[in-house]
**Student:** 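Attaching a single structure in structure tokens format; questions to follow.
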Amino acid sequence: MKLATWNVNSVRKRVGQVQSWLSREAPDVLILQELKCEARDFPELDFASLGYRAEILGQKAYNGVAVLSRLPFEVRARALPGLTPPPGAEAVDARYLEIALPQLVIGGLYAPNGNSGGIEGFRRKLSWLDALIARAKTLLAADIPLILAGDFNVCPDDDDLAPGALAPDDALVRPESRARFRTLLWLGLTDALRALTPEGPIYTFWDYQAGAFAADRGLRIDHVLLSPTLAERLVAAQVDRAARAAEQPSDHAPVVVTLD
DNA sequence: ATGTCTCTACTATAGAGA
């Protein structure tokens, strides 16, 4: 089974790139983040023509998660349990979409960045990650084979960002953010990229500004976490940097994981 | 710290978010 996660930074702007990527890589499942559109504006038919059924969790202008799959699946959740909407909003952000395939459950996610909205914005990021931890605990306690895949907006360790790429107090590297990522690992989840490449820089995101990609000044914030029985089947985990080198690319590259 | 990109809004530029 081949699974990928890709923050596309507007799916409408990137339809052509996602289509050609699907044709070339032929994953069984692709999780998309930052759709930046409502479900009705998602280009569903462009992916259906390639054999992928879409489940869409949309929101106007921001956020959004979708699952594209050529394997049959059913939806299990369209939000993390226990989260309350941000002040002034009527619904929680479109950030978590959970589906079940015959042998496993996949949580596709887009965690809050946490650098906007001051201390309150950062607190909401941490609360969101706490809700993700709680969800993972529930599923693991039920012995459900689980994949969490998406943009976690956390650089777990110092090899996961280029030197000087972020201020020490950036929400992506603050100790509180990293502690929550470690908690997910301590629950028994395996970081697929790091399981096969334990040391050295790996990046999945390069800022549009200041020639970051050309200088390879990136961050690793997109992750695929595997529960124990799935981790035993891990055979490959890679970042597709070629996608980031395209014309008018997303600022994120796909992370691709193969399970035996 | 921000040189870019994408979105939205009193359709055309500026603010927000990443």
Side-chain angles (χ1 to χ4, degrees), chain A residues 5-19 21 31-43 46 56-66 85-96 108-129 132 149-156 160-174 176-178 180-181 203-223 239 241 243-255:
Chain A
T5 178
W6 193 5
N7 177 324
V8 285
N9 187 17
S10 170
V11 69
R12 287 176 295 179
K13 277 266 196 268
R14 237 64 75 183
V15 187
Q17 291 182 52
V18 175
Q19 279 185 308
W21 195 87
I31 315 291
L32 299 173
Q33 301 88 28
E34 278 208 86
L35 308 180
K36 294 190 169 179
C37 67
E38 296 182 85
R40 72 172 84 95
D41 297 320
F42 185 92
D46 294 299
I56 305 138
L57 180 65
Q59 179 183 336
K60 191 176 184 175
Y62 300 112
N63 310 319
V65 180
E90 72 293 341
V92 295
D93 290 343
R95 295 184 179 275
Y96 185 79
L109 64 101
Y110 175 51
N113 175 293
N115 280 308
S116 66
I119 188 67
E120 215 23 69
F122 184 56
R123 279 207 194 98
R124 279 200 299 278
K125 171 184 190 148
L126 299 181
S127 300
W128 196 94
L129 291 172
L132 180 66
D151 179 352
F152 287 64
N153 266 315
V154 179
C155 287
D160 299 317
L161 74 162
L166 293 177
D169 62 346
D170 191 287
L172 280 58
V173 291
R174 287 191 56 123
E176 301 93 326
S177 306
R178 287 178 158 179
R180 281 158 177 83
F181 190 84
Y203 307 138
T204 64
F205 164 95
W206 295 262
D207 200 292
Y208 287 123
Q209 294 189 75
F213 185 62
D216 198 19
R217 198 160 44 245
L219 315 172
R220 189 173 77 98
I221 53 178
D222 302 275
H223 308 295
V239 180
R241 296 171 65 108
R244 181 62 180 80
E247 289 293 319
Q248 300 189 305
S250 166
D251 37 9
H252 296 250
V255 177

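Letters go in sequence order (proteins before strands), and every chain restarts at 1. Values below: all heavy atoms of this structure, side chains included; hydrogens, waters and symmetry mates excluded.
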**Student:** Please state the C1' separation for the pair B/dT8 and B/dG3 - nearest whole angstrom.
**Tutor:** 24 Å
**Student:** Quick check on B/dT6: is either OP1 or OP2 less than 4.0 Å from any side-chain nitrogen or oxygen of A/R14?
**Tutor:** yes
**Student:** If the condition is side chain to side chain donor-acceptor pair (under 3.5 Å), which residues does A/H223 pass it with, not counting sequence neighbours?
**Tutor:**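 A/H223 satisfies side chain to side chain donor-acceptor pair (under 3.5 Å) with A/R220 only.
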**Student:** In whole angstrom, give the distance that lies between atom CZ of A/F213 and atom P of B/dT2.
**Tutor:**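 Distance check: A/F213 CZ to B/dT2 P gives 25 Å.
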**Student:** Return a single string for nucleotides 10-18 of chain B, one symbol per nucleotide in 5' to 3' order, where B is base contact, S is sugar-phosphate-only contact and - is none, cutoff 4.0 angstrom on heavy atoms.
**Tutor:** -------SS
**Student:** In whole Å, I'd like the distance from the CG atom of A/L166 to the P atom of B/dA1.
**Tutor:** 12 Å
**Student:** Could you please spell out the steps behind the side chain to side chain contact (heavy atoms under 4.5 Å, CB included) verdict for A/W21 and A/W6?
**Tutor:** CA-CA 11 Å; A/W21 195 87; A/W6 193 5; 3.8 Å; yes
**Student:** Nearest nucleotide by nearest heavy atom, which residue falls closer to the 5' end of DNA chain B, A/R217 or A/P249?
**Tutor:** A/R217
**Student:** Scan for salt bridge (charged side-chain N to carboxylate O under 4.0 Å, His left out) pairs involving residues 119-129 of chain A, sequence neighbours excluded, and state none if there are none.
**Tutor:** A/E120-A/R123
**Student:** Please report the distance separating the P of B/dC10 from the corresponding atom of B/dG15, rounded so that it comes out in whole Å.
**Tutor:**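 Those two atoms are separated by 15 Å.
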**Student:** How close or far is atom C1' of B/dC5 from atom CZ of A/R244, stated in whole angstroms?
**Tutor:** 10 Å
**Student:** Taking the C1' atom in each of B/dT6 and B/dA12, what is the distance between them to the nearest angstrom?
**Tutor:**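 Those two atoms are separated by 16 Å.
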**Student:** To the nearest Å, give me how far apart CD (A/Q59) and C1' (B/dT8) are.
**Tutor:** 13 Å
**Student:** Under the side chain to side chain contact (heavy atoms under 4.5 Å, CB included) rule, collect the residues that match up with A/D170, sequence neighbours excluded.
**Tutor:**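 A/D170 satisfies side chain to side chain contact (heavy atoms under 4.5 Å, CB included) with A/N115, A/L166, A/L172, A/V173 only.
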**Student:** With P as the reference atom in both, quote the distance from B/dT13 to B/dT2 in angstrom, rounded to an integer.
**Tutor:**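 Those two atoms are separated by 25 Å.
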**Student:** Considering residues at least two apart in sequence or located in another chain, which fulfil the side chain to side chain contact (heavy atoms under 4.5 Å, CB included) criterion with A/D251?
**Tutor:**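 Side chain to side chain contact (heavy atoms under 4.5 Å, CB included) check on A/D251 returns A/N9, A/F205, A/Y208, A/R244.
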**Student:** Applying side chain to side chain contact (heavy atoms under 4.5 Å, CB included), name anything that partners A/E38, two or more places apart in sequence or on another chain.
**Tutor:** A/R40, A/D41, A/K60
